[in-house]
Enquirer: 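Pasting a structure here, questions to come.
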Amino acid sequence: MTTKQEKQLATRLQQTTEVAATTFISDQGAKQATASANLDPIVFIFIGLSAVLAFVVLFNLTSINVSERERELATIKVLGFFDKEVTADIVRENVIFTVVGIVLGFGIGKLLTWFIITMASSEQVAFPLIIPASGYMIAAGMTVLFSLIVMGMTHRKLKGIDMIGALKENE
């Protein structure tokens, strides 16, 4: 049925005393699309803030790990281990953090998305909880990218550890 035909039918139905209002599925679909499009800026803000949070958490976990183990890492370097071998020890731990974070993030993220969609829904507009596989892949990819950046920064920091100064420090 075309829009013109819908308007004609609505006019005829409303002229009768038995019909108070008419609504067509095409109208509801257009309203739903408009409501969804209005949420795009909010979604992008959530994505941006989540990305910043993920980077900061990974960076802080790694920085704290390195700071707490500076004497141990300096001892390993004094014993003759190369910078890449020392970094590999920290990288293994970061890979575990990243994988666990991605897996837990999928479940917790779906739960939080359900909560947000439930709160955003109303009697007139309901949003389905549909998260495409590409959404999960992009989130995992961004987390891996942030982890790689943090690992690169950590490698530079580990190369600059003052072995003698770290070993002289009192605990």
Side-chain angles (χ1 to χ4, degrees), residues 29 31-122 125-171:
K31 288 177 186 175
Q32 182 85 15
T34 302
S36 294
N38 289 339
L39 289 176
D40 284 348
I42 295 168
V43 170
F44 289 128
I45 289 170
F46 277 130
I47 290 170
L49 292 175
S50 298
V52 170
L53 180 64
F55 181 78
V56 168
V57 167
L58 280 169
F59 181 78
N60 282 340
L61 279 173
T62 304
S63 293
I64 290 168
N65 188 11
V66 169
S67 295
E68 292 289 323
R69 297 175 54 196
E70 197 166 357
R71 282 180 66 113
E72 173 191 338
L73 297 170
T75 302
I76 291 171
K77 286 179 83 168
V78 167
L79 290 174
F81 285 84
F82 295 108
D83 289 330
K84 287 183 180 182
E85 293 170 315
V86 174
T87 301
D89 188 38
I90 301 295
V91 166
R92 277 190 293 274
E93 293 172 10
N94 274 5
V95 167
I96 292 169
F97 288 148
T98 302
V99 170
V100 168
I102 288 170
V103 171
L104 288 176
F106 285 167
I108 294 170
K110 187 162 186 163
L111 183 67
L112 287 173
T113 303
W114 170 83
F115 176 76
I116 291 168
I117 285 176
T118 302
M119 293 297 115
S121 296
S122 67
V125 178
F127 300 100
L129 178 59
I130 300 171
I131 303 172
S134 62
Y136 288 107
M137 294 303 111
I138 291 169
M142 288 175 66
T143 305
V144 169
L145 175 67
F146 294 151
S147 185
L148 291 172
I149 292 169
V150 168
M151 288 181 209
M153 294 167 67
T154 302
H155 179 66
R156 272 193 256 131
K157 184 175 180 178
L158 290 174
K159 284 177 25 178
I161 288 179
D162 177 24
M163 294 180 281
I164 304 216
L167 292 173
K168 281 185 177 180
E169 288 180 9
N170 292 333
E171 291 192 18

Enquirer: Working to the nearest 0.5 angstrom, can you tell me the gap between Leu73 CG and Asn65 CG?
Expert: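 It comes to 8.0 Å.
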
Enquirer: For the CZ atom of Arg92 and the CE atom of Met151, what is their distance to the nearest 0.5 Å?
Expert: 11.5 Å

Enquirer: How long is the span from the CG atom in Asp40 to the CD1 atom in Ile47, to the nearest 0.5 Å?
Expert: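 It comes to 9.0 Å.
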
Enquirer: Are Leu53 and Val57 close enough that some pair of their side-chain heavy atoms sits under 4.5 Å apart?
Expert: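 In contact.
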
Enquirer: Nearest 0.5 Å, what's the CG-CD1 distance between Leu61 and Ile90?
Expert: 12.0 Å

Enquirer: Taking everything shown except Phe106 itself, do over 12 heavy atoms lie less than 6.0 Å from its CZ?
Expert: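 Yes, because the 6.0 Å sphere around CZ of Phe106 holds more than 12 heavy atoms from other groups.
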
Enquirer: Out of curiosity, Leu158 CG to Met153 CE, how far, rounded to the nearest 0.5 Å?
Expert: 12.0 Å

Enquirer: Mark yes when over 12 heavy atoms from residues, nucleotides or ligands other than Phe59 sit less than 6.0 Å from its CZ; otherwise mark no.
Expert: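 No - once you tally the heavy atoms of other residues, nucleotides and ligands closer than 6.0 Å, there are 12 at most.
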
Enquirer: Where do Glu85 and Ile76 land on the side chain to side chain contact (heavy atoms under 4.5 Å, CB included) test, with the steps shown first?
Expert: CA-CA 9 Å; Glu85 293 170 315; Ile76 291 171; over 6 Å; no

Enquirer: Restricting to non-hydrogen atoms, name the atom on Phe146 and the atom on Ala51 that form the minimum distance, rounded to 0.1 Å.
Expert: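 Where Phe146 meets Ala51 most closely, the heavy atoms are CE1-O, 3.3 Å.
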
Enquirer: Scan Arg156, Lys77, His155 and name whichever one has a side chain to side chain donor-acceptor pair (under 3.5 Å) with Asp83.
Expert: Lys77

Enquirer: What do the steps show when you test Lys157 against Thr62 for side chain to side chain contact (heavy atoms under 4.5 Å, CB included), and what is the final call?
Expert: CA-CA 11 Å; Lys157 184 175 180 178; Thr62 304; over 6 Å; no

Enquirer: Take Val144 and Ile102 through the test side chain to side chain contact (heavy atoms under 4.5 Å, CB included) and record every step on the way to the result.
Expert: CA-CA 9 Å; Val144 169; Ile102 288 170; 3.9 Å; yes

Enquirer: Could you go step by step and tell me if Thr98 and Thr143 meet the side chain to side chain contact (heavy atoms under 4.5 Å, CB included) rule?
Expert: CA-CA 7 Å; Thr98 302; Thr143 305; 3.9 Å; yes

Enquirer: What is the distance from atom CD1 of Ile117 to atom CD1 of Ile131, rounded to the nearest 0.5 Å?
Expert: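 So the CD1 of Ile117 and the CD1 of Ile131 are separated by 7.0 Å.
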
Enquirer: Between the main-chain N or O of Arg69 and the side-chain N or O of Glu72, is there a donor-acceptor pair closer than 3.5 Å?
Expert: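 Checked: no pair found.
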
